[in-house]
Amino acid sequence: MATAQAWRRPELAGQPRLTKLNGELHDLRLDAGLPSARSIRDRVGKDAQGYWIVNHQAVLDAFQKPNLPTWGRLEVIVDVLAKLARRENSEREANRFKYLWKRAFQETAAQASVEPPESEPLGEGDRDNGPEVADRPEESASQSRDEDARGPSTADAETPADPDDFERRINYAEESLKGLIINASQALWNDKDALSVFLGIVRRSPGFVRLADASAENRPANATFYGVKSREFELEPSSAQLELVMLHNLLEKYRAKWKWSFTRLEEQTGVSSDAWIRWHTHRELPDLEALVAFSNVMGLDLENHVLLLGLWERARNALDVTANYEALPDSISFDDAWEMRSPNASRMWALAGVGGSDLTAFGPDLASGTAPAFVVAGPPGSGRSTALTTIARSLLASKVQLVLAAPKPSPLRDITEHDGVMTCLNQGEFKNERLEGLISQASKESPIAFVIDDAEAVDNIDSRRVMLNLLQHGFDDGIAVVLGGHEGELGSTGYWLSEARKAHRGILLAPREKYSGRLIGTKMADAMVGGDVIPGRGWLHLGDGKLIAVVVPTG
């Protein structure tokens, strides 16, 4: 049995993001007990046809080659190592590595040549043993399958391929296009007319003639690379991913029931087969008119007709939110945003952000709702304190008195001298007598709003019962609370701060985790979390179940 050993790390000078990814991968293997490449391969397993999903040489390449590994390969390796390392949440570990991989891909794409290597086919170390449609000789494929079918040898050698292979550059654009062709060919396999048209277009490019011929003769194995469903060429996660999956599954259910091709769908619905193919292969949102026509020709009952259109509307709304987020201005001044508010806004309305297709000022009415509270959460550098200051300034502009609290240095302290600010509390001033004295001055006619930065620092305090009572009965006393803090720490609080979540409203700035949505009473899609932190950009929820992409006013 082979002795566990660390593997050589590649030379990655001038590629800090790829170095970070590779280092984290080696560290994860160390935590997992330094399993061998064949051991990792065995744990990944085989596909339905009995081929290794990732062969042992491909595992070695992911660790030792100075190139970015494909995500489909890296994902299954990370999943195995995370479980061996007994990480509590292997899915979170996979998401962490996907974020690192995307950053490394951006770096690599900017540096690497996109020209394919001249007269130099991919070697066996660059290709896994999946039964994909590819232009490789049958003899070579057979030999490769025979080698992997024998299983791990007693020596379990970890010798990498020829070092010269490490210098080969990957043509990412070409590989992505191959993946899309294979996936589309598999999806169109049962519709020979559509497949013929599609492959005819592919053959117009001389470099893909053999791939098109192979795709016409043999169905690609479940649109796969390396024997597993390809994810490395997928589109960016969509905020409407769940709705789109459910919608497309419903469409496929009825299409399969009637055994209709896309050509047949065109004849029956009047919507072109090209459109149906595009929606199917790219999992895009179909046109509403196409869905109505589909429902009619399939004879769907009222329940399924409503379900189909309901899924479409939810997906469209989610996609609109993402589109509005990307279209937000880089910045907007407080004065400009204040002019965008509704003329009918109540005195306790607070400006939280500007968003929407027509750039409207949005914010909570702190005098109504399920609890007199509003949460501002996000990681450091996301603009939490700026958002709290904007909310405070808007309340002061409406003649609402404020009690500020900043247990740590905060821009909130800069407005302490403004008219209407009663005091600014530090952590040691959260005393029952002091708080009760301030609260006693509030009424519905003269409301007071507490604006607290770094609220997690004052969660477990002696006066927490006073603060809890304030959140439970603030409407009656003319009191409201706006609190901000780190999304991770606010999510783990268990004292009076947890009561603020019952307001089901707030703003998440550059959220890192999907579960952070519970802080503001909603759910976050994959596309809404992670990525680069852009200060002042976030997702606003006002308790009505709708997320609004906003930018926080400044200045």
Side-chain angles (χ1 to χ4, degrees), residues 92 95 239 321 325 328 350-355 362-364 366 369-392 394-395 404-412 449-460 467 471 480-554:
R92 182 179 298 177
N95 289 337
S239 58
V321 167
Y325 181 87
L328 288 173
L351 172 61
V354 171
F362 291 98
L366 297 174
T370 57
F374 185 79
V375 176
V376 178
S382 60
R384 292 192 321 253
S385 298
T386 300
L388 289 170
T389 303
T390 294
I391 290 172
S394 69
L395 291 170
L404 306 180
K408 299 178 181 180
S410 167
L412 271 184
F450 281 69
V451 182
I452 308 172
D453 201 357
D454 297 303
E456 64 272 12
V458 292
D459 184 31
N460 185 15
M467 297 302 297
L471 288 170
V481 179
V482 179
L483 56 91
H486 190 289
E487 62 175 323
E489 296 181 25
L490 285 180
S492 61
T493 55
Y495 296 101
W496 66 272
L497 285 180
S498 61
E499 189 73 16
R501 294 201 289 268
K502 293 183 180 180
H504 307 296
R505 58 188 176 183
I507 181 173
L508 288 179
L509 300 167
R512 304 288 89 190
E513 302 287 349
K514 288 177 63 176
Y515 67 76
S516 297
R518 64 193 178 103
L519 293 173
I520 61 173
T522 188
K523 293 182 178 180
M524 306 297 293
D526 289 333
M528 297 177 177
V529 301
D532 296 333
V533 175
I534 304 177
R537 286 201 179 206
W539 304 94
L540 175 68
H541 182 234
L542 296 175
D544 55 2
K546 297 179 180 179
L547 276 170
I548 306 170
V550 296
V551 59
V552 175
T554 57

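Just the heavy atoms: all of them, side chains too, but no hydrogens, waters or symmetry mates, feed the values below.
The shortest heavy-atom contact between Val552 and Ala352 is CG2-O, 3.7 Å. Across Leu490 and Val376, no two heavy atoms sit closer than the pair CD1-O, 4.2 Å. Closest approach of Leu483 and Ala455 over heavy atoms only: CB-CB, 3.9 Å. The two residues Asp453 and Ser385 make their nearest non-hydrogen contact at OD2-OG, 2.6 Å. For the residue pair Val482 and Leu388, the shortest heavy atom distance occurs at CG1-CD2, 3.7 Å. Between Leu471 and Ala371 the shortest heavy-atom distance is O-CB, 4.5 Å.
Taking CZ from Arg518 and CD from Glu513, the interatomic distance works out to 11.0 Å, rounded to the nearest 0.5 Å. Atom CZ of Phe362 sits about 13.0 Å away from atom NE2 of His541, to the nearest 0.5 Å.
For the pair Arg537 (side chain) and Tyr325 (backbone), a donor-acceptor distance under 3.5 Å is present. Checking side-chain atoms of His486 against main-chain N and O of Ala377 turns up no donor-acceptor pair under 3.5 Å. For the pair Arg512 (side chain) and Ala510 (backbone), a donor-acceptor distance under 3.5 Å is present. When atom types are taken as modelled, the side chain of Thr370 and the backbone of Lys502 share a donor-acceptor pair closer than 3.5 angstrom.
Between Met524 and Ser516 there is no side-chain heavy-atom pair separated by less than 4.5 Å. Between Leu351 and Ile391 there is no side-chain heavy-atom pair separated by less than 4.5 Å. Annotation: side chain of Phe374 is not in contact with side chain of Val451 (no heavy-atom distance under 4.5 Å). By the 4.5 Å heavy-atom criterion applied to side chains, Ile520 and Ile507 are not counted as neighbours. Between Val458 and Trp496 there is a side-chain heavy-atom pair separated by less than 4.5 Å. At least one side-chain heavy atom of Thr386 sits less than 4.5 Å from a side-chain heavy atom of Thr554. At least one side-chain heavy atom of Ile452 sits less than 4.5 Å from a side-chain heavy atom of Met467. A heavy-atom distance below 4.5 Å is not found between the side chains of Ile548 and Trp539.
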- Message: side-chain contact (heavy atoms from CB on, under 4.5 Å) for Val375 and Leu508? Distances and angles first, verdict last.
- Response: CA-CA 8 Å; Val375 176; Leu508 288 179; over 6 Å; no
- Message: Working note: Arg384 + Asp454, criterion side-chain contact (heavy atoms from CB on, under 4.5 Å); need CA distance, chi angles, decisive distance, verdict.
- Response: CA-CA 9 Å; Arg384 292 192 321 253; Asp454 297 303; 3.5 Å; yes
- Query: Which is it for Tyr515 and Arg92 under the side-chain contact (heavy atoms from CB on, under 4.5 Å) test, yes or no, and what are the steps along the way?
  - Reply: CA-CA 11 Å; Tyr515 67 76; Arg92 182 179 298 177; 3.8 Å; yes
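Remark: Arg505 does not engage Asp544 in a salt bridge, criterion side-chain N to carboxylate O under 4.0 Å.
Legend: residues meeting salt bridge (Lys or Arg N to Asp or Glu O under 4.0 Å) with Arg501, ordered by chain and number and at least two apart, are absent.
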